[in-house]
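Chain naming here is simple, since letters A, B, ... match the order of the sequence lines and numbering starts at 1 in each. Bear in mind that the values here come from a model prediction, so they are computed numbers and not experimental data.
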There are 2 protein chains.
Amino acid sequence: MTATRKKAAKHASPDLSHETICTAALELIDEEGLEAFSTRKLGRRLGCEAMAIYWYYPSKDVLLDAVVEKLMVGVGVAIADKASDDWISTLRDLAHAYRRVAHEHPKAFPLLATRRFASEGTFAFLDQLFALAREQGIDDKLTAKFYRVVSSYCSGFALNELAAPRGPQDLRTAALRKRFPRVESVSEWLEPKYLDEIFTFGLELQLAALERATRTEPAS
Amino acid sequence: MTATRKKAAKHASPDLSHETICTAALELIDEEGLEAFSTRKLGRRLGCEAMAIYWYYPSKDVLLDAVVEKLMVGVGVAIADKASDDWISTLRDLAHAYRRVAHEHPKAFPLLATRRFASEGTFAFLDQLFALAREQGIDDKLTAKFYRVVSSYCSGFALNELAAPRGPQDLRTAALRKRFPRVESVSEWLEPKYLDEIFTFGLELQLAALERATRTEPAS
DNA sequence: ACCTGAACACCGTTCAAGT
DNA sequence: ACCTGAACACCGTTCAAGT
């Protein structure tokens, strides 16, 4: 009785699992940012000692891999709804869904761009994508090439969008912009309202090239 | 006498300055990685208390901005040697020089891709680049668009290259690749030896589009 | 099987004090 | 002006111990 009361007083029932820990981790990152995220704070949020987490995940690093997986599985689900069997339009949907993650989880997104895919779910995701390419008669080399080019572009673009006002630094950059008017005048065209258009422009450039490449070298 | 001896015993003479601190910081990051980098280790390397650094830089964050600046100024110098007045070929040289930083400073590079430019030197760098575009009669909007597209691509590509064997994880991914043969067979085309070609392919795609755009909308 | 608690070896940063 | 040293409020992780 007193035991259960104590637990309740500790913010939440422990009720730990890979799922609850990983979900809480993403929430904490969303709220406080990657720098501020710690296993100790996560413990507090889950109502347990930080060390309890280590029974489920061997290290913070592996936990972060799980968060990456969670986000990428979300992307996979998002494009599965469309369910096109055209690889080019799948890649297009994927690119937009990936960028949407950056907008929905701005503080967690750098994980995706920075860490190697290293989990079951992320590999399953890639497997699905590459399987579709092969069904379309696109060979592995072309698949690899365009996957790398498109995914690099998307990662970099989203990261650029998010390399954001880190607090009072904004004042510093504002002062610098005044002193470098050419940077100022070009930067005006990089305001958020223009970014959808620019992103799509660059993406379509690549997809058009893919289309040309698949026509030149058709299904074997 | 005993005082100087003590100092000498502490690895190096303090001899602090913005330059020495920033240079040592980059060296330390190159050697030990971003995660392991700390102001306390930096102090040890410089032969001073960690807190001495705070007289020159108000925070670790600002020091890292200075490291970013140092690297970007290096990129600026590298392309200044070429000294072409054609914006497209300058952008090409820039892209390759930027990626070279990723190879020369693999552990520091994520800073460049992750942090907003926020210092004198980085702004001067952009100013120079944008000035050249204007001299060529390329308007601010087109400059902004292609700068963003190309720089995003380069950041993302280099980051992908570097999202690297984080120690024993390599075993985990090796096991996963076995279980997902389609990922395996596509990944073979993403080995380091192919990456120069893929990078150049994607880059030239974008530069060709820029060339078309400047012909359509010539100098005013 | 699952979780706690103390302990270890670290962090960034503040601030009073020294020279 | 430049640097030290103690202190504060944190970290990730190990490990013996509890239930």
Side-chain angles (χ1 to χ4, degrees), chain A residues 1-22 24-25 28-29 31-67 107 111 115 166-169, chain B residues 1-22 24-25 28-29 31-67 107 111 115 166-169:
Chain A
M1 236 253 206
T2 39
T4 38
R5 277 206 122 201
K6 246 185 193 169
K7 274 184 179 178
K10 276 207 174 188
H11 215 207
S13 59
D15 198 17
L16 298 183
S17 70
H18 291 267
E19 249 302 287
T20 55
I21 293 171
C22 184
L28 190 52
I29 293 168
E31 288 169 20
E32 307 206 4
L34 225 34
E35 300 283 78
F37 173 74
S38 76
T39 54
R40 293 171 113 113
K41 276 184 193 158
L42 183 55
R44 253 169 269 150
R45 167 181 282 256
L46 289 163
C48 68
E49 294 291 315
M51 295 69 204
I53 292 160
Y54 285 76
W55 198 88
Y56 296 89
Y57 294 98
S59 68
K60 187 185 179 182
D61 207 63
V62 173
L63 172 55
L64 291 178
D65 283 342
V67 173
K107 299 189 182 163
L111 285 176
R115 299 173 79 86
R166 297 192 307 285
Q169 252 90 342
Chain B
M1 238 251 204
T2 40
T4 37
R5 278 206 121 202
K6 245 185 193 168
K7 273 183 179 176
K10 275 204 175 188
H11 216 204
S13 58
D15 200 16
L16 298 183
S17 69
H18 291 266
E19 249 302 288
T20 55
I21 293 172
C22 184
L28 189 54
I29 293 168
E31 287 169 22
E32 307 206 6
L34 225 34
E35 301 281 79
F37 172 76
S38 75
T39 54
R40 292 170 113 113
K41 276 185 194 158
L42 184 54
R44 250 169 270 150
R45 167 181 281 258
L46 289 163
C48 67
E49 295 291 315
M51 295 67 202
I53 293 160
Y54 285 77
W55 198 88
Y56 296 89
Y57 293 99
S59 69
K60 187 186 181 182
D61 206 64
V62 172
L63 171 56
L64 291 177
D65 284 341
V67 173
K107 300 190 182 162
L111 285 176
R115 301 172 79 86
R166 295 193 308 284
Q169 253 90 342

**Student:** Below 3.5 Å between N/O atoms, which protein atoms pair up with nucleotides 13-15 of chain D? Just atom names and distances, please.
**Tutor:**
unit_1	atom_1	unit_2	atom_2	d
D:dT13	OP2	A:Y54	OH	2.5
D:dT13	OP2	A:K60	N	2.9

**Student:** A:R44 side chain N/O closer than 4.0 Å to the phosphate oxygens (OP1, OP2) of D:dC11?
**Tutor:**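 Result: yes.
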**Student:** Could you give the CG-to-P distance, from B:L34 to C:dC11, as a whole number of Å?
**Tutor:**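 About 14 Å, once rounded to whole Å.
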**Student:** Please report the distance, rounded to the nearest Å, between CZ in A:F37 and P in D:dC10.
**Tutor:**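 After rounding, the gap between these two atoms is 16 Å.
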**Student:** A:K41 side chain: which of D:dT4, D:dC11, C:dC3 is closest?
**Tutor:**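 Nearest listed nucleotide: D:dC11.
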**Student:** Whole-Å distance between C:dC10 P and B:E35 CD?
**Tutor:**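 From B:E35 CD to C:dC10 P: 16 Å.
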**Student:** What is the distance, rounded to the nearest whole Å, between atom CG of A:L42 and atom P of C:dC3?
**Tutor:** 13 Å
**Student:** Without decimals, in angstroms, what is the distance between A:L46 CG and C:dC3 P?
**Tutor:** 10 Å
**Student:** Does the side chain to side chain contact (heavy atoms under 4.5 Å, CB included) test come out yes or no for B:K60 and B:F37, once each step is laid out?
**Tutor:** CA-CA 10 Å; B:K60 187 186 181 182; B:F37 172 76; 3.7 Å; yes
**Student:** Which distance, rounded to the nearest 0.5 Å, do you find between the CG of B:L46 and the CG of B:D15?
**Tutor:**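 Reported to 0.5 Å precision, the distance equals 9.5 Å.
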**Student:** Could you measure the distance from the CG atom of B:L64 to the OG atom of B:S59? Nearest 0.5 Å is fine.
**Tutor:**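 B:L64 CG to B:S59 OG: 8.5 Å, rounded to 0.5 Å.
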**Student:** Give a yes or no answer on whether the side chain of A:R45 reaches the backbone of A:I21 with a donor-acceptor pair at less than 3.5 Å.
**Tutor:**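 Checking the backbone N and O of A:I21 against the side chain of A:R45, no donor-acceptor pair under 3.5 Å is found.
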**Student:** Given atom CH2 of A:W55 and atom C1' of C:dA1, what is their separation to the nearest angstrom?
**Tutor:** 6 Å
**Student:** Side chain of A:S38 only, heavy atoms from C-beta on: which candidate in C:dC3, D:dG12, C:dC11 is closest?
**Tutor:**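 The listed nucleotide nearest to A:S38's side chain is D:dG12.
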**Student:** Under the 3.5 angstrom rule, does the side chain of B:K107 hit a backbone N or O of B:E32 as a donor-acceptor pair?
**Tutor:**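 Answer holds: no.
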**Student:** Side chain to side chain contact (heavy atoms under 4.5 Å, CB included), that's the test. Do B:L111 and B:D65 meet it? Break it down for me.
**Tutor:** CA-CA 8 Å; B:L111 285 176; B:D65 284 341; over 6 Å; no
**Student:** Could you list the residues that satisfy salt bridge (charged side-chain N to carboxylate O under 4.0 Å, His left out) with A:E19, not counting sequence neighbours?
**Tutor:**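 Scan of A:E19 (salt bridge (charged side-chain N to carboxylate O under 4.0 Å, His left out), adjacent residues dropped) gives none.
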**Student:** Given 3.5 Å as the limit, does a donor-acceptor pair link the side chain of A:K41 with the main chain of A:A36, or not?
**Tutor:**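 Checking the backbone N and O of A:A36 against the side chain of A:K41, a donor-acceptor pair under 3.5 Å is found.
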**Student:** For the pair made of CD in A:E49 and P in C:dA7, what is the distance, rounded to whole Å?
**Tutor:** 14 Å
**Student:** If pairs are Watson-Crick or G-U with both distances under 3.5 Å, what is the dot-bracket string of DNA chain C, marking crossing pairs with [ ] and pairs to another strand with |?
**Tutor:** ||.|||||...|||||.||
**Student:** Who passes ring pair (Phe, Tyr, Trp, His ring centres under 6.0 Å) against B:Y56, sequence neighbours left out?
**Tutor:** B:H18
**Student:** Provide the distance between the two C1' atoms, one in D:dC8 and one in C:dC10, to the nearest whole Å.
**Tutor:** 15 Å
**Student:** In this structure, how many angstroms lie between the P atom of C:dC11 and the CD1 atom of B:I53, rounded?
**Tutor:**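 That distance rounds to 12 Å.
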